[in-house]
Amino acid sequence: MQHATTTGTTGRLASNADRVRTRSVVAASVVALTLALTACTGSGHVQPEAAERSIVSAVDDTTATIGGHWKVYSEPTAESCTEAADDGLTYTYILMQDRPRTDPAKAVAAVEQLWKDRGITTERYRTGAADPILGIRGRGGPATSMDFRADARRFSVVGVSECAEGSAVEERRRQSTSSPTP
């Protein structure tokens, strides 16, 4: 059974195609951020626990700045910094907000200020679609990369931590054995 709901003030119907488009945009963001990880060195100056804490803090502070109710799209997940599985690890953490109440342009401006205050170099962008999605990406500070995407239907924040010493494969194995099973 297909459900349709109205969104925004335009009265436009949110179809399954709109939902697929939004999910595709999020997936493309994750892929782009993952590709950025090849610049990591795995130098070992950061411990894995510190890298995870710092990216969770950066993402949570970003969502607190915008306000509203956020859902975890992906818990902090260990990923390899480079093609070599034992050449350091990063954590990727993703939160999403459906039907945000904040104006996308105002949200981008607030995130830009927060990130600059945290030592993150920022760059604004806008998709070329007829109904453009606004966004800002950042590098530095506690992150290899950060991305905030904002449109009237959904906001998303993706954070990728600094590269830490260790192996993502070993970290995922450790997490899976220490996690309680349902």
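Remember, it's a predicted structure, so these values are computed and weren't measured experimentally. Sequential numbering from 1 along the given sequence is applied to the chain's residues.
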Side-chain heavy-atom pair R149, T127 within 4.5 angstrom cut-off: yes

Atom pair [atom1]/[atom2] of [X] and [Y] - distance to nearest 0.5 Å:
| X | Y | atom1 | atom2 | answer |
| --- | --- | --- | --- | --- |
| E165 | C81 | CD | SG | 11.0 Å |
| L114 | M146 | CG | CE | 8.0 Å |
| I66 | Q97 | CD1 | CD | 7.0 Å |
| R154 | R99 | CZ | CZ | 9.0 Å |
| T63 | M96 | OG1 | CE | 13.0 Å |
| I120 | R139 | CD1 | CZ | 11.5 Å |

Show the nearest heavy-atom pair for residues [X] and [Y], with the distance to one decimal.
| X | Y | value |
| --- | --- | --- |
| A152 | P100 | O-CD, 3.5 Å |
| A150 | V108 | CB-CG2, 4.2 Å |
| W115 | T122 | CB-CG2, 3.8 Å |
| L95 | Y93 | CD2-OH, 3.7 Å |
| G166 | L89 | C-CD2, 3.8 Å |
| D147 | Y125 | OD1-OH, 2.7 Å |

For [X], all residues meeting side-chain hydrogen bond (donor to acceptor under 3.5 Å, both in side chains), sequence neighbours excluded:
| X | answer |
| --- | --- |
| R173 | E170 |
| D103 | none |
| R124 | E112 |
| R118 | D61 |

Has the side chain of R137 got a donor or acceptor atom that lies under 3.5 Å from a matching backbone atom of S145? no

Side-chain donor or acceptor of T144 paired with backbone N/O of S161 under 3.5 Å: yes

Under the side chain to side chain contact (heavy atoms under 4.5 Å, CB included) test, residues paired with S74 that sit two or more places apart: T77, I94

Above 12 or not: heavy atoms from other molecules or residues under 6.0 Å from CZ of R172? yes

Under 30°, 30 to 60°, or over 60°: which ring-plane class applies to F148 and W70, parallel, tilted or perpendicular? tilted

Enumerate donor-acceptor pairs with a distance under 3.5 Å from any side-chain N or O in residues 48-56 to protein atoms, sequence neighbours excluded.
residue : atom : partner : partner atom : Å
S54     : OG   : A50     : O            : 3.3
S54     : OG   : A51     : O            : 3.0

